[in-house]
Number of protein chains: 2
Amino acid sequence: MLKEERHQFILNEVGIHNRVLLTDIANLLNVSVDTIRRDIKELHNAKQLKKVHGGAISLGFNNYNPTGKKIYSLEKKSLIAEKALGLIKEGQVILLSGGTTNLELARRLPSRMKLTCFTPSLPIAVQLLGKSNIEVIFIGGRLSQDSQIAIGGSAINMLSDIKADICFLGTNSIHATEGLTEFDWEIVQMKKAMIHSARKVVSPCISEKIGSLQRYRICGVEEIDALITELEPWDTKLDAFKNMNIQLL
Amino acid sequence: MLKEERHQFILNEVGIHNRVLLTDIANLLNVSVDTIRRDIKELHNAKQLKKVHGGAISLGFNNYNPTGKKIYSLEKKSLIAEKALGLIKEGQVILLSGGTTNLELARRLPSRMKLTCFTPSLPIAVQLLGKSNIEVIFIGGRLSQDSQIAIGGSAINMLSDIKADICFLGTNSIHATEGLTEFDWEIVQMKKAMIHSARKVVSPCISEKIGSLQRYRICGVEEIDALITELEPWDTKLDAFKNMNIQLL
DNA sequence: CAAAATACTGCAAAAATACGCATATTCTTC
DNA sequence: GAAGAATATGCGTATTTTTGCAGTATTTTG
């Protein structure tokens with residue numbers, strides 16, 4: 001492995017987690033701690049990150065994201081993505097809908113776990129293609145310009161041939177009694193199809209979206225198996241979902 | 001093997017994998033490491049890649065530059081793309097295979113002409129999605145990591161439902177008597193299917209690729225309707241194709 | 001404060017590189 | 001064509017870079 005590659009890897013990790021541990025990287029890349037230490041020292045001198053005792057941290061966390069609001073949302077999505085990772089097991093077939101939360105999840109999929117991923121989302125496919133351990137299958141069809149996912153009969157048709165282990169179904173709105181709703185009719189059709197193409201449906205959803213309502217209905221809350229939010233399990237926002245035979249993470 | 005060929009090969013590898021190891025390339029091409037070292041040094045000075053200890057890495061690896069892939073042979077490819085544009089008419093359905101030349105073509109598609117584009121190529125789809133006048137339909141399927149296009153039965157199946165007006169079929173090698181050939185078997189199957197999915201097949205091809213030969217055959221030269229190169233029509237390299245009932249641009 | 005974890009230093013082996021030079025190949029020029 | 005120039009390639013050797021290891025110093029933590 002080239003030194004340059006290690007540098008890229010470290011910077012990427014720092015970019016995602018905002019911090020890295022010396023020993024973790026050394027284990028991950030199968031090189032000695034000293035090597036990583038030297039790498040981090042170089043990157044520190046090049047002002048690409050900040051060296052600290054035991055590892056390194058991102059130096060531009062506040063500088064990179066100008067609006068404090070967005071950081072917050074991104075942090076939530078990171079949290080959700082990390083929780084979602086725990087549901088995935090080696091060798092599984094997973095189905096990823098579009099959305100930024102799922103994109104965060106895709107970025108974090110571990111690079112040593114063999115997986116098969118189906119997705120109709122262009123940005124997610126691009127992200128996943130960068131990982132050599134993941135077999136990516138794109139659900140083809142007409143591409144929607146604003147959501148960047150494939151829609152239409154052809155895509156739904158392709159979905160009908162799939163039975164994935166888990167579907168991560170990003171959603172715009174979730175409501176305890178009204179269920180999951182969407183703004184776009186075509187996307188609703190896609191998501192309905194995706195639900196039928198997986199044994200287990202998990203919905204990653206930041207708390208802002210809880211309780212909101214859109215024009216069209218995808219399904220009831222009882223049709224999904226788990227809801228992942230950034231909240232702690234005892235948060236009152238989740239009360240409405242608590243006796244609904246649905247896993248809350 | 002010519003030096004230019006090696007340079008192309010190296011740049012291609014870097015383009016695909018973002019990195020190359022000196023020793024790998026030397027083994028692959030059966031030349032000494034010194035030769036490759038010198039090649040990489042030249043390419044480094046020409047700012048086509050970045051030389052590092054042990055190999056080389058892509059220039060745009062860490063800068064977030066999704067569009068500016070690589071500038072290799074760009075002028076030639078631009079010329080070809082411009083010529084290809086002349087074949088496209090308002091309202092047509094076009095089918096674009098993968099490859100950097102087609103990517104250039106996609107980038108140049110006029111933003112006022114209504115078009116429907118089918119493609120199995122991830123980067124091309126991303127490019128086209130930016131243009132609001134174009135309806136993009138992605139040919140889904142298993143994504144090949146190297147070529148970033150969808151391959152396999154599912155993709156070929158989807159192609160069988162299409163009859164486009166023109167197919168722009170990028171090719172790795174074209175030979176007057178041996179026809180179009182490819183390195184990868186799966187991609188050959190895709191391209192065969194694409195030929196059958198269009199009324200007219202046009203092959204954009206930079207002159208370096210003329211006369212070269214790969215492992216597997218896609219089709220004979222007589223099966224394509226036009227060949228677009230960056231050369232002038234009277235160039236002697238094209239002599240072999242001149243009495244073959246094929247349009248030369 | 002003491003134990004554990006982490007950092008630094010010097011060193012040696014291995015790998016990669018630079019350089020000079022001999023040989024082979026290609027390109028000119030006549 | 002053929003001689004000569006220019007370029008490209010491969011090999012041996014000296015030099016530099018990288019990397020892991022061991023010993024010692026420093027920081028963290030309970």
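Chain A is the first sequence line, chain B the second, and so forth, proteins listed ahead of strands; every chain is numbered from 1. Computed over heavy atoms, backbone and side chain alike; hydrogens, waters and symmetry mates excluded.
Between A:Ile36 atom CD1 and C:dA7 atom P the separation is 12 Å, expressed in whole Å. Residue A:Leu2 contributes atom CG, which lies 17 Å from atom P of D:dT17 at whole-angstrom precision. Rounded to whole angstrom, the span from the NE2 atom of A:His7 across to the C1' atom of D:dT19 amounts to 13 Å. The CD1-P distance, from A:Ile25 to D:dT19, rounds to 15 Å in whole Å. In this entry the distance linking CG of B:Asp39 with P of D:dT7 reads 16 Å, nearest Å. The CD-P distance, from B:Glu5 to C:dT26, rounds to 12 Å in whole Å. When the C1' atom of C:dA24 is taken as reference, atom CZ of B:Arg38 falls 13 Å away, rounded to whole Å.
Using a 4.0 Å heavy-atom distance criterion, A:Val33 is classed as making no nucleic acid contact.
Between A:Arg108 and A:Glu104 there is a salt bridge, since at least one side-chain N of the basic residue sits less than 4.0 Å from a carboxylate O of the acidic one. Salt bridge status for B:Glu182 with B:Lys191: present, with a side-chain N to carboxylate O gap under 4.0 Å.
Of the possible polar contacts, one joining the B:Arg217 side chain to the B:Glu178 backbone as a donor-acceptor pair under 3.5 Å is found.
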Mark up nucleotides 12-18 of chain C, 5' to 3', with B wherever a protein heavy atom is under 4.0 angstrom from a base atom, S wherever such an atom reaches only the sugar-phosphate, and - elsewhere. ----SBS
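Residue B:Thr35 places at least one side-chain N or O under 4.0 Å from the OP1 or OP2 atom of D:dG10.
Summarising the local packing, NE2 of B:His175 is surrounded by more than 12 heavy atoms from other residues, nucleotides or ligands at distances under 6.0 Å.
With sequence neighbours left out, B:Gln214 forms a side chain to side chain donor-acceptor pair (under 3.5 Å) with B:Ser173.
Under the 4.5 Å side-chain criterion, counting only non-hydrogen atoms from C-beta, B:His53 is not in contact with A:Lys3.
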